[in-house]
Structures are given as C-alpha cells and as structure tokens.
Amino acid sequence: MAAASSSDYDGCGAESNEANSKWLDAHYDPMANIHTFSACLALADLHGDGEYKLVVGDLGPGGQQPRLKVLKGPLVMTESPLPALPAAAATFLMEQHEPRTPALALASGPCVYVYKNLRPYFKFSLPQLPPNPLEQDLWNQAKEDRIDPLTLKEMLESIRETAEEPLSVQSLRFLQLELSEMEAFVNQHKSSSIKRQMSLPSVPVFLEVSGQFDVEFRLAAACRNGNIYILRRDSKHPKYCIELSAQPVGLIRVHKVLVVGSTQDSLHGFTHKGKKLWTVQMPAAILTMNLLEQHSRGLQAVMAGLANGEVRIYRDKALLNVIHTPDAVTSLCFGRYGREDNTLIMTTRGGGLIIKILKRTAVFVEGGGEVGPPPAQAMKLNVPRKTRLYVDQTLREREAGTAMHRAFQTDLYLLRLRAARAYLQALESSLSPVSATAREPLKLHAVVQGLGPTFKLTLHLQNTSTARPVLGLLVCCLYNEALYFLPRAFFKVPLLVPGLNYPLETFVESLSNKGISDIIKVLVLREGQSAPLLSAHVNMPGNEGLAAA
C-alpha cells in the first residue's frame, strides 16, 4: 500500500510540496505490525545478488513472541521466532572468497546469535557469574520440597533488599508472579540451575565503537546512571567520563564527534575526551536516533525521531531537513535497500512502516541551526571606565588573595556541614514527606481547601513500591488545641495497593477569632512502632470566613 505518508521542509523554513521535496514516498503501511528500535534494524545483501534486504528484530508486543523478520521491498520475506527480546542487529563478513555474503549477528537475551544464509550458524553466550549462595540454598530447598513458595518469596525479597549481588533472572521472574502462579513456577524450574549474567557498576544502554580492533579502537558506552564512559583497547578502566545532566536516549558518532540525545529534549555534541562542543534544543521528546550517511556526497548527519511526529536531520547543530510523519517514529535506518542507495526506513509507534527514497538531485542546505559563534559574540560591550574603587579592590585581592580564598573555603565547608546535619536530622526524625527506606516506600502530600472557619484537609498517601502492598499504617495529626479542632485526629489507613493514590479526608475547625494560623503536623506510623515513617507540616491558612463576616 503506497501513499503520500509525510511531507518535509528544508532548513530554510517554509513547507514544500512533493515537487520540491527532497524525498520520494515509496511505501507507507500503517498496519505492517513491526515494532522495533533503531538498533534492531540492519540493511545487508544477504544472498550476494545485489538486492539489499531489511533485517528486523521485532519485539513482538501484546504477548507475541519476538521474531526475526527479513523484508524484501515492502513485504516480509521470511520470519523466525527468537528465544528472547532482541537488543541489536548487525551484519559482518566472515569469508574472504567471492561472493562475499555477510552474516547476521543478533543480540537476544544473554546470547549473540550468528545467522548465515538466514540459518542459525553460531551461538555465543555471555560468561556466567556465580550466583548468590543464599539464593542458591533457597532453590536447593525448593528442589527438595523443604520450603513453601510463600516463604521462598519472602526470603528472596529479603535477599534482594540486603545483598549487594543482584538476583538471577529466575528469581526475579518468580517475584513478579501472583500467589496462585508461584507453585507451578517452582515445580517447573526447581530442578534447573540458577544463572547470573554479567554485572557492571552501571548498565550500558548504548554502545558506539570506532577504530580497528587490531590497531586501536575506542568504545563509548552510555549507561543508565547518566554517564558516558570512553574506553580504549586493553584498558580495564574508562579513559574519560562524560557526565550528563539527564538520562541518555541515543548515542551516535559523527566523524570524531559523539552526539548524545537526552531526556531533556536536547542534542549534545562531545569530543572523545569529554569536552562539550554544542547543544541543540528539540521541540519535543527524542524517541530514537540513527546515522544518515550519504556516500556520494560525503555527508554524515544525525537523524532524530521526535514524539511530535517529526524526524529532524542535523549536521552538528545545523538543521538540514525536517520530515513530518503521520505517527511518531520509533526506529530509523538509512542506507542501500533493494537497488536504491539512499533509502530511509522508518517504523512508527503503531507498528507502521514508512519507506522514503532520497532524490538524486537533493542537496541538504544548512539553515535551521547556527553555525560557528553566535552573532552576539561579535558585538562590542559597553564596558564602563575603571574607577578608583575598582583599582583599590583589585590591589586588595591581589595582596590578600590566599587569605580570602581560605575564608571562602571555610565558609563553604561550614555550609556543607550544616546542610548535611540538617538532612541527617530530617532523615532520623522522618520529617520528609517521602520515605527514605526501601522497606516502607511511601509518599505523602497534603491539600487544604476552604475559606474558614471550617477547612477540609486531604492527605494523599501513595505506595511507591512496584509489587508489594502496605498494611497496618496509622495517621496521627498533632495541632494546637487552642486554635483548631479535628474530629478525626487519629485513624487507620486501609490497605495501600502499589501505584494508587489514596485520598484520606478530615475536617479542621478554626477556634480562633483573631485570624491566627498555625502548623498541623501529620505523622504516618506503623502499628507497634513509636518512630514515624514520614511526616508533613501543613501550613494552615488564615480564617477568611471570619474576615468576610
């Protein structure tokens, strides 16, 4: 099904029609049922016949099994099931003799599968690490029927909260099950050995490699802690570290520049030594990124798919082109497809497939972004003349610079010490509206409504854990009895289901006729414990009803 699926405009601004567009609409199928990411797309001549195919590692949403699909033109040529979710796909040459047909490497779960002529050829598994001894002992007891599933669940949760080593995949899957499904899961997996895969200080989510393996290469890894680590060959520790102010959503290398997309809706350019070169703000959230490389013109640019249905193409921070699509694009791939050298393949959030071909006469012109220093840098500043006071202050700083710096450092250390003590006191006395312990993941928010003399106090209590309900909580309100009266100052909290917001309402009656207001302390306690789990101070408003009367 071919249709005019999108429009584009160049960096100079105005919208353009099909006649002066840089792209030809080759194919659009909103019901293609392809759900994947940019890293799981690859273009290769799999059979050596000059006809390039599209390899897709499909995620299989909605309970479907992940699959490996191969497309020829707009149609799916072959597909085969995958044992786990795909993470990345790449093609490489294994042989030197002609015809040199590439092999396909697909990362799925803890393994890398190599396909040759679309048939399984080799499987490489990540080396296993020794599991937690306590976890291994629990599963051995389950194998011998010496422990029930409920006790096994409680013990594994305790290990997950206290142990430094993460649990195995088998234990994590068990903890996600309902009570009715646990016994069947234990009977099915109690005889199998538990496995723990590779563990790193922070999980890498994007990798970018440059250079040759035999000579010198660099590896840039963007991790979930918001840092990008750059390693060289034979280096056990990162050579450089780039600290981002937000989580990365994409990492692309353009020549010698690392282009990083962040959750702050912006693109950043860094050198391999971590120096920031430029930043470009996007109009919407970045969903996917990939490299556009036009060999005929020696062009390398970054493609970014945005949540507002745009695909933006940048060379450094200069905007080259914008493509509008009917749905948000979740994966991008540019290269030779079929017998066309410059083909752009996009998949949408709804599973659609869009194929566009770059016109042979198309030339990307910079226009949307600034190139070089900003114009304001060339403007002369109106610097006032040096006064006598300025000269005296300069001489004083030059003579007593060391003493001034020491005094500044002393005050800074005192400020940090007082802030740390105040933070520690707040944690020990549970003065924060958010629980600081993982055992009681709670959040409290208070809202006061009304003009007076009667106010409505609503306490929004939420269980922020992922799977464990909370039971046995109490709420206590401390207030000045000469100023306020609460009919419900102490009451029980119902069962808190994870993720839901529970509004707990009570009324506050102001007893003062002088317009005096005070603070009401709200404490959340556990039955049988004197120390509160968390607290909130509610600043009560003045009695507006009294003023109106």
Side-chain angles (χ1 to χ4, degrees), residues 59-66 84-85 87 109-110 129 131-143 147-190 192 194-197 199-200 202-203 205 224-225 247 263 427 430 432-445 459-475 492-504 524-529 532-534:
L59 303 177
Q64 302 177 9
Q65 185 178 9
L85 290 175
L129 298 177
N132 191 310
L134 297 177
E135 179 189 4
Q136 182 68 60
D137 182 64
L138 288 176
W139 283 104
N140 291 337
Q141 295 181 28
K143 182 179 180 180
I147 186 173
D148 59 284
L150 187 59
T151 307
L152 176 63
K153 177 178 181 296
E154 295 177 355
M155 297 297 293
L156 289 176
E157 287 180 347
S158 177
I159 295 175
R160 182 174 61 176
E161 294 175 358
T162 58
E164 297 181 357
E165 297 179 354
L167 295 178
S168 63
V169 178
Q170 178 176 323
S171 298
L172 293 176
R173 288 179 58 191
F174 173 74
L175 294 178
Q176 296 175 353
L177 298 177
E178 300 293 337
L179 294 177
S180 59
E181 303 173 349
M182 290 182 179
E183 185 175 358
F185 184 88
V186 172
N187 294 331
Q188 181 180 357
H189 296 88
K190 63 183 180 181
S192 59
I194 59 176
K195 304 174 183 179
R196 188 169 66 90
Q197 302 299 334
S199 176
L200 298 175
S202 183
V203 180
V205 289
R224 288 182 179 172
N225 60 356
Q247 291 292 327
T263 53
L427 291 180
S430 300
S432 173
V434 178
S435 177
T437 61
R439 294 180 177 271
E440 303 291 346
L442 300 173
K443 184 169 66 174
L444 177 64
H445 174 62
L459 306 176
H460 296 275
L461 192 59
Q462 184 178 0
N463 178 10
T464 58
S465 68
T466 57
R468 186 175 59 185
V470 177
L471 184 63
L473 298 182
L474 303 171
V475 172
K492 291 186 177 182
V493 178
L495 174 70
L496 299 182
V497 177
L500 297 183
N501 184 21
Y502 288 81
L504 308 174
V524 179
L525 307 100
R526 166 73 67 180
E527 290 184 1
Q529 298 180 3
L533 300 178
L534 68 161

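Taking NZ from Lys492 and CG from Leu525, the interatomic distance works out to 13.5 Å, rounded to the nearest 0.5 Å. Atom CZ of Phe185 is separated from atom NZ of Lys153 by 13.5 Å, given to the nearest 0.5 angstrom. Here the CG-CD distance, from Asp148 to Gln141, works out to 10.5 Å after rounding to the nearest 0.5 Å.
Between Ile159 and Leu138 the shortest side-chain heavy-atom distance falls below 4.5 Å. The closest side-chain heavy-atom distance from Leu179 to Pro149 is not below 4.5 Å.
Ala467 approaches Pro498 most closely through the heavy-atom pair C-CG, 3.8 Å. Between Leu442 and Asn463, the closest heavy-atom pair is CD2-CA, 4.3 Å. Closest approach of Glu157 to Leu175, counting heavy atoms only: CG-CD2, 3.8 Å.
The backbone N or O of Leu495 sits less than 3.5 Å from a side-chain atom of Tyr502, completing a donor-acceptor pair. Judged by distance alone, the side chain of Thr464 and the main-chain N or O of Pro441 form a donor-acceptor pair under 3.5 Å. Asn187 places a side-chain N or O within donor-acceptor distance of the main-chain N or O of Glu183, the cut-off being under 3.5 Å. Judged purely by atom type and a 3.5 angstrom limit, Arg526 has no side-chain atom pairing as donor or acceptor with the backbone of Leu474.
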